[in-house]
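Below is one structure, written out as structure tokens, with a few remarks after it.
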Amino acid sequence: MTDGLVLDTQFLKFLLPELCLTIGVLMVMVLTIAKTRHNADEHGALAVVSMLFSLGALALLGYNFKQFVDTNPSLIVHLSQPFLGGTLANVPEPETFLYATIRGDFLSYMIRGLLLLGLVVIIPFSTKYLEKRTAIMGDYYLLVMGATLGGMVLALANDLILLFVGLETLSITSYILAGYLRRQRASAEASFKYLVYGGVATAFFLFGTSLIYGLTGSTNLQEVTQGLLDYSAMTHPTLVLMVLMVMATVLFKLSIAPFQMWTPDVYEGAPTPVAAFLSVVSKTAAFALLIRMFSYAFLGFADIWQPVMMLLAVVSMIVGNVVALKQTSLKRLLAYSTIAHAGYMLLGIVVLSVDGLSSTLYYLLAYLFMNLGAFAAVLYVENAIGSDQLSDISGLLGKRPGLVLGLSVCLLSLAGIPITAGFFAKFFLFRAVIAAGNEHMWLILFALLTSTISLYYYLNPMRLMIVGEPSKVVEGLAPSSDTPMPLTLATVATIVLGVWASIFLNATDLTARQLLASSPPIKVEPPAVSQHLLIPAPSHQDQAALHGHQ
Amino acid sequence: MLDVGLYHYLILAVALFSIGLYGVLASRNAIRVLMSLELMLNAVNINLVAFNNYLHLHDLSGQVFSIFILTVSAAEASVGLAVLIALFRRTHSADMEQYSILQG
Amino acid sequence: MIEPNSLVGNSVQFETLSNVWMVAIYPLIAFAIIMFGRWQGFLKTKPVTAAIVVLSTLMSFLHTLGVFNVYKEIIGITPTIGETFHWLHVGALHMDVGWMLDPTGFMMLFVVTVVSALIQVYTYGYMEEDPNFHRFYAYLALFNFSMLALVLAPNLVQMYMFWEMVGVSSYLLIGFWVSRPSAASAAVKAFLMNRVGDFGLLVGLLSFTFLTWAFWSGDAAPGLLSFPALGKASEYLMLHHGTAIFSIVGLLIFLGPVAKSAQLPLHTWLPDAMEGPTPISALIHAATMVAAGVFLIARMYPMYNMPGGEMIMTVIAWVGGLTAVVAATIALTQFDIKKALAYSTMSQLGYMVMAMGLGAYAAGLFHLMTHAFFKAMLFLASGSVIHGCHHEQDMRRMGGLHKTMPITAWVYLIGTIAITGVLPFSGFWSKDEIVAAAFSHQTLLYYIAVGTAGLTAFYMFRTYFMTFTGQYRGHHEAHESPLVMTLPLILLAIPSIGIGWLLSGFFVTDFPSFATLITAPASFHHHAAHHINWTVLGTSMVVVMGGFAAAFAMYSPMRLLDPALFVNGAKPLYTLFSNKWYWDEFYSFIARQVYLTVAQVSAWFDKAVIDGLVGLSAFSVNMSASGLRQLQNGRVQSYLLVFVLGLLLLSAYTAVQWLN
Amino acid sequence: MIETSPLLQQLAFWILAAVMLASAIGIVFHRSIVYSALFMLVAFMAIAGVFALLNAPFLAAAQIMVYGVGLTIVMIFGIMLTGDQPFRDPAGKERSVWYALLPLAVVAGLGGVLSLAILKPAASLNATNGLFVAQQTADFWQTALQTLPGAQALLEDGGLSHIAMLLFSKYLLAFELASVLLLLAMVGAILLALRTFPEEEQGAVTGGALQADGATKALSAGAGSVAGAGQAAKEVVQSAAGAK
């Protein structure tokens with residue numbers, strides 16, 4: 001260590017998207033300072049441009065991906081499987097950079113891509129919302145980009161310290177964002193609640209992390225994983241508390257019951273685009289954290305956290321879906337729906353299989369668009385009628401057909417109605433859980449039951465908007481057929497993702513396989529070729545007899 | 001008893017953490033809540049430095065971790081106070097009981 | 001299935017074949033242009049809108065023609081070709097999308113494109129005054145797209161999707177005049193009736209899929225529910241689950257066609273759907289949508305027409321036969337010209353379904369084809385009459401229109417002769433084959449078929465005489481329709497006259513006959529390509545002549561007999577017929593009485609067990625929702641308390657797990 | 001420092017621990033919030049002492065700078081800005097006693113479980129009191145000083161250069177991200193605490209607020225200063241690295 005600083009600058013290339021984003025943050029900041037009068041559009045445009053640059057950089061990072069493809073021609077076959085058929089034999093080892101504190105695996109690409117994608121959709125509709133409510137626009141972009149930066153670092157971190165700093169960058173900027181409309185009491189209150197709750201959760205996370213450090217003497221995730229393996233066979237309460245304390249914080253970020261109680265209050269009080277950000281971008285980053293910690297570092301302690309998380313996933317589904325039935329505010333309803341969806345997504349991770357992980361990643365992708373679409377629609381509704389109460393949106397179809405159509409598609413997708421992405425996400429997820437073993441049937445039972453309950457509160461707003469008598473606010477509204485761009489984008493993506501699910505599933509499958517293949521304790525078995533849904537597949541003789549004449 | 005070792009520091013940290021947690025859970029004054037939060041984070045720092053000193057002297061990454069926690073918690077505290085000021089402007093009270101218009 | 005890439009041929013030919021799906025895309029493009037095109041001026045004018053749609057249909061027609069030529073040249077006339085892509089390939093699930101064509105599909109493509117194109121031309125004249133002209137054309141294009149895509153579907157999954165789309169677009173078209181309450185309710189009725197059928201179809205498809213799941217899973221398995229593999233899958237179903245299950249599944253699927261082709265007992269929507277604009281009646285209720293039901297039966301033939309499927313076939317035949325006769329009797333008493341034609345459509349569809357049920361695959365589809373032409377023509381002619389009489393539909397206020405509307409009268413007469421099945425006209429050839437099939441299979445159905453032919457002759461000539469002969473009884477001066485409406489009529493008259501003898505293989509021997517072109521896939525009952533059975537022909541001719549004579553006696557200007565004589569003489573029968581066999585009343589009785597009774601009983605039951613399971617679970621969901629909301633009291637400190645408490649409970653939970 | 005006599009070290013620990021816990025309890029329970037803030041200062045100083053005992057002199061200094069100075073001042077600013085009667089708890093209707101008892105039970109439960117868990121002997125490792133194997137035997141430091149780089153660094157300059165090296169190599173990205181975080185927190189704190197922005201003046205909310213605008217600015221400056229203190233700590237490190 002005392003040989004002086006020798007840095008391998010290779011890692012800078014890998015961090016190109018983050019660098020682009022940081023430059024964007026600084027540019028927006030300079031613009032904010034330089035201009036006496038804020039112009040929301042300029043800032044927004046600058047933010048979106050830097051996001052796009054960042055996304056482009058991420059795409060450029062295909063360089064190691066491309067190398068891999070060049071050396072593995074079978075990958076092309078794999079990626080084009082929906083059209084050609086074929087299988088992938090092996091996945092590449094993930095790379096690490098900067099003293100192994102950064103991990104360049106497919107998961108980090110995928111999560112960073114998701115985060116940036118989410119933000120690109122969020123920023124345009126944020127502008128529309130905030131410029132009506134506050135004069136200070138520039139700082140918003142600054143903060144929201146900073147939060148995303150934190151999330152991206154979270155996704156690529158291979159070190160507990162980096163993980164922590166990324167997490168806190170995301171969290172602290174989120175606290176500020178939740179209170180962005182500080183002149184509104186609700187917004188300030190949401191921010192303060194979120195901060196206190198998040199602060200305590202952070203303390204718990206750190207306490208658990210300090211125990212990890214105590215046990216292994218390292219902060220590097222790989223070394224930690226190796227070090228914890230020595231303890232994985234032991235039954236000692238310190239280990240349980242260590243795992244549970246870290247878990248509580250991660251699940252708090254995911255709003256899994258019983259760590260979910262902040263969610264509805266914060267979503268309701270925060271500005272709507274921030275609520276969208278928290279429910280999509282922040283949650284995606286939290287999933288990265290969850291996967292890093294539990295599908296990797298704590299894999300040896302699966303017998304501690306697996307039953308607990310299964311239980312909590314089910315509890316979240318129940319709590320989220322049941323309490324949503326009683327909501328009268330659309331934003332709050334979406335907050336509870338978020339809790340329920342987090343429960344579903346958690347299922348894919350707790351079953352610890354390639355399929356499960358892959359379908360959770362696909363679910364995240366689908367969820368990103370359908371939930372952003374729903375939030376965008378709610379935001380435009382709020383902008384139009386100044387309220388998100390269910391009683392006020394009644395009969396909106398006559399005045400805002402485009403909005404109602406978009407919101408309906410997104411709600412149907414959230415409810416899991418066929419041909420939308422939400423349906424396929426649930427379908428693949430449930431399939432993966434079933435395939436992981438018969439002992440998980442009770443999870444599916446609860447998932448199906450609560451999905452049925454959820455139909456009511458997803459369809460109720462649609463019923464009100466489409467066949468309800470126009471409410472007073474709606475009656476006074478001038479008709480307009482405008483369909484805002486972000487909403488259209490999200491709606492179309494919701495359908496497209498559903499129809500072309502195979503392509504995305506191949507990418508998530510690759511990611512999941514690489515992730516679980518590189519985690520030391522559990523060797524991943526090659527997935528069975530024919531995983532059947534309900535009825536056992538026929539033997540080979542049967543197959544031959546059946547298709548012999550074709 | 002007097003032979004102080006790692007476990008003394010760990011228990012000290014647990015005690016500090018618990019007191020801090022109680023302060024967060026039970027204080028009525030919002031500023032006191034923020035102060036208690038800082039106590040909890042400091043407890044973690046004690047843990048980390050103790051571990052580093054007693055178990056893992058091959059490098060000082062425990063201390064580095066503490067420095068980061070220190071930095072971040074300072075940022076968190078200042079943001080917390082700023083939020084509190086904004087909230088106080090609307091409610092004219094630092095009473096935690098007042099901060100509950102969002103519910104249900 | 002022969003894949004195009006296994007064909008020897010030049011690349012142009014290959015391209016032509018593999019681009020067949022474009023046939024369905026042209027109307028979709030037209031729809032998109034009209035619906036979403038934001039251009040003003042030129043594109044918004046009515047001629048351009050109409051031209052875009054007509055052109056798209058013509059493109060479809062020409063493309064079909066081109067494909068047919070290539071197809072015929074390089075692979076002969078009968079095999080099935082197609083191309084599919086994996087759409088969802090997850091685990092055992094192989095869901096494909098793509099296209100498939102066989103002679104039956106080609107026949108449908110030709111009929112749909114030709115009839116649609118002519119109707120779209122006609123629409124320009126009929127709907128010119130309508131303020132929502134553009135929307136109407138957009139819907140027409142959408143409907144066309146759905147129908148063509150349905151025909152091209154290579155598997156039941158894809159077909160079901162477009163089946164639903166056809167339903168939706170027909171709903172839009174029937175309810176086009178939304179301001180008329182009767183149109184709106186007719187649209188809703190059509191939609192609901194079709195929902196009943198579609199639900200049966202969906203349940204049938206799902207149960208078929210699950211019962212034969214093992215067949216469709218595995219690496220070498222064919223795409224889910226693909227038509228070429230349907231026969232094997234049905235054998236699998238029969239082998240593993242027995243005839244009873246097989247028949248139930250088959251009949252559930254048959255419910256789809258029952259509703260879509262307006263067969264008993266799900267037929268009541270079709271006459272009501274005449275509330276839509278007349279071109280729609282011509283398009284949907286003569287040539288395309290209702291034919292989709294028959295087409296589905298044809299596609300399901302590998303399943304229905306196999307050893308053990310006799311039960312299904314019998315049910316299909318009888319449903320068809322009964323529909324034919326019941327609809328014909330109702331048509332006897334109608335005074336609304338469109339309603340009369342609607343019941344006649346139902347009756348003719350009954351013939352087709354009966355033919356399919358009798359195993360006369362080619363005959364049924366042949367009748368579908370000839371009927372599409374002459375019935376579209378009849379509807380359009382009736383539209384022309386309605387247009388000329390200033391939206392008058394009651395035949396009692398028409399009459400003598402032969403003088404004022406000669407072209408319409410002539411084509412209507414041609415259509416009438418065609419539908420009655422008089423020798424050289426197209427209806428004769430196809431109906432005769434069906435009657436002959438009934439003759440050789442089911443004597444009772446044969447009598448029904450022949451009797452219905454007589455009834456058909458009577459009511460069709462009745463409408464003709466009432467409308468076009470005698471004195472004009474209306475108030476406004478009638479006038480002939482413009483050329484844009486009469487030209488399609490004249491063009492449709494040509495196949496109505498000629499297509500029958502051209503394709504019957506009887507007169508024109510160097511052209512392949514319909515029966516040799518269209519053969520049932522994996523047919524079990526080989527219904528021999530029959531020669532004209534002179535007994536059958538003679539009998540039906542006599543009966544048809546009888547029907548004509550009766551109509552002539554009662555409704556021609558000579559008035560040899562007073563219809564009232566019969567009306568009063570057979571009062572109960574007349575009442576029954578004119579009240580449409582009380583089907584509507586029956587349904588409202590079910591809806592009102594039975595449903596109400598059931599509702600009361602279940603209300604009692606609900607009350608009795610309200611403290612039981614059902615009430616309790618709803619109650620508990622409700623209460624737990626309220627309870628959980630109570631917990632959400634707004635205090636962040638309580639939330640944190642729950643956080644820590646949760647953590648403690650979870651560690652206790654883990655400890656307990658460890659102790660076990 | 002390592003050679004400090006064990007007895008003195010132990011005595012110092014007990015005194016610091018007692019002071020720390022007592023003042024922590026003072027923070028939570030004292031009726032006056034201003035006293036609480038002062039107790040906080042004491043607690044932070046005691047923690048700094050503990051750091052010094054644990055061979056972390058740099059951390060002890062940073063603790064005094066960031067917490068002892070910066071944070072306490074910000075808290076006092078906060079108290080001044082939010083309490084009309086800072087020496088008393090906020091008035092309002094009385095809370096039920098459960099609001100104190102229930103947290104107490106839960107926290108006692110958690111503290112108890114945590115302590116028991118940490119102290120529970122681990123059977124499979126030959127240690128007497130828990131999972132963490134304390135290696136400090138008599139000759140531990142002798143071997144450590146010869147073999148472990150961390151211990152050597154402690155002996156050399158209290159670990160300062162070692163920490164600096166870590167920050168600028170292994171934890172470079174975390175370090176840079178932390179600066180972005182501080183920047184954003186500063187922007188956020190100013191944004192949230194400032195009463196009005198120039199852009200907002202026309203729509204300024206009137207009435208109610210008790211403070212002068214100058215006080216607000218002082219607070220945001222204070223908030224900035226805490227963040228600044230973090231930066232300052234880093235600058236020290238930076239200079240140390242430079243010196244190296």
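To find a chain, count down the sequence lines: A is the first, B the second, and so on, and within it residues start at 1.
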Quick check: under 4.5 Å, non-hydrogen atoms only, which of residues 42-49 of chain B neighbour chain D?
B:Asn42, B:Asn45, B:Ile46, B:Val49
Heavy-atom distance under 4.5 Å to chain D: side chain of [X], backbone, both or neither?
X: B:Ile11; value: side chain
X: B:Val14; value: side chain
X: B:Leu34; value: both

Trace of the side chain to side chain contact (heavy atoms under 4.5 Å, CB included) decision for D:Leu154 with B:Leu57
CA-CA 9 Å; D:Leu154 282 181; B:Leu57 270 175; 3.7 Å; yes
Looking at [X] and [Y], what are the two nearest heavy atoms and their distance?
X: B:Ile85; Y: D:Ala193; answer: CG2-O, 4.3 Å
X: B:Ser61; Y: D:Tyr171; answer: CB-OH, 3.5 Å
X: B:Gly23; Y: D:Val28; answer: CA-CG1, 3.6 Å
X: B:Ser78; Y: D:Ala189; answer: O-CB, 4.2 Å
X: B:Ser66; Y: D:Leu59; answer: CB-CD2, 3.4 Å
X: D:Ala24; Y: B:Leu39; answer: CB-CD1, 3.9 Å

Indicate yes or no: at least one non-hydrogen side-chain atom of D:Tyr99 is less than 4.5 angstrom from one of B:Arg28.
no
Within the structure provided, determine whether B:Phe17 and D:Leu110 are in side-chain contact (heavy-atom separation under 4.5 Å).
yes
Okay, D:Ala108 and chain B: the region with an atom under 4.5 Å from a heavy atom over there is neither
Interface moiety of D:Met75 toward chain B, non-hydrogen atoms closer than 4.5 Å:
both
Stepwise, does the side chain to side chain contact (heavy atoms under 4.5 Å, CB included) test hold for B:Ile19 with D:Leu21?
CA-CA 8 Å; B:Ile19 294 171; D:Leu21 293 180; 3.9 Å; yes
What residue, out of B:Leu12, B:Leu84, B:Leu25, has the most heavy-atom pairs lying under 4.5 Å from chain D?
B:Leu12
Measure the spacing between [atom1] of [X] and [atom2] of [Y] and express it to the nearest 0.5 Å.
X: D:Phe175; Y: B:Phe68; atom1: CZ; atom2: CZ; result: 7.0 Å
X: B:Asp59; Y: D:Gln152; atom1: CG; atom2: CD; result: 12.5 Å
X: B:Asn53; Y: D:Asn55; atom1: CG; atom2: CG; result: 4.5 Å
X: B:Ile67; Y: D:Phe58; atom1: CD1; atom2: CZ; result: 4.5 Å
X: B:Ile31; Y: D:Ser36; atom1: CD1; atom2: OG; result: 10.0 Å
X: B:Met35; Y: D:Leu71; atom1: CE; atom2: CG; result: 8.5 Å

Top residue by heavy-atom pair count (under 4.5 Å) with chain B, among [options]?
options: D:Leu104, D:Leu184, D:Thr72, D:Val106; answer: D:Leu104
options: D:Ala100, D:Gly188, D:Ala153; answer: D:Ala100
options: D:Leu102, D:Leu54, D:Thr147, D:Val107; answer: D:Leu54

Taking [Y]'s backbone N and O only, do any of them form a donor-acceptor pair with [X]'s side chain (distance below 3.5 Å, no angle check)?
X: D:Tyr67; Y: B:Ala74; value: no
X: B:Arg32; Y: D:Ile27; value: yes
X: D:His162; Y: B:Leu60; value: yes

Suppose we call two aromatic rings close when their centres sit under 6.0 Å apart. Are D:Phe13 and B:Tyr9 close by that rule?
yes
Quick one: do D:Met20 and B:Leu16 satisfy side chain to side chain contact (heavy atoms under 4.5 Å, CB included)? Show the steps, please.
CA-CA 8 Å; D:Met20 187 199 299; B:Leu16 199 59; 3.7 Å; yes
D:Phe51 vs B:Gln63, test: side chain to side chain contact (heavy atoms under 4.5 Å, CB included). Steps then yes/no.
CA-CA 10 Å; D:Phe51 286 159; B:Gln63 288 198 26; over 6 Å; no
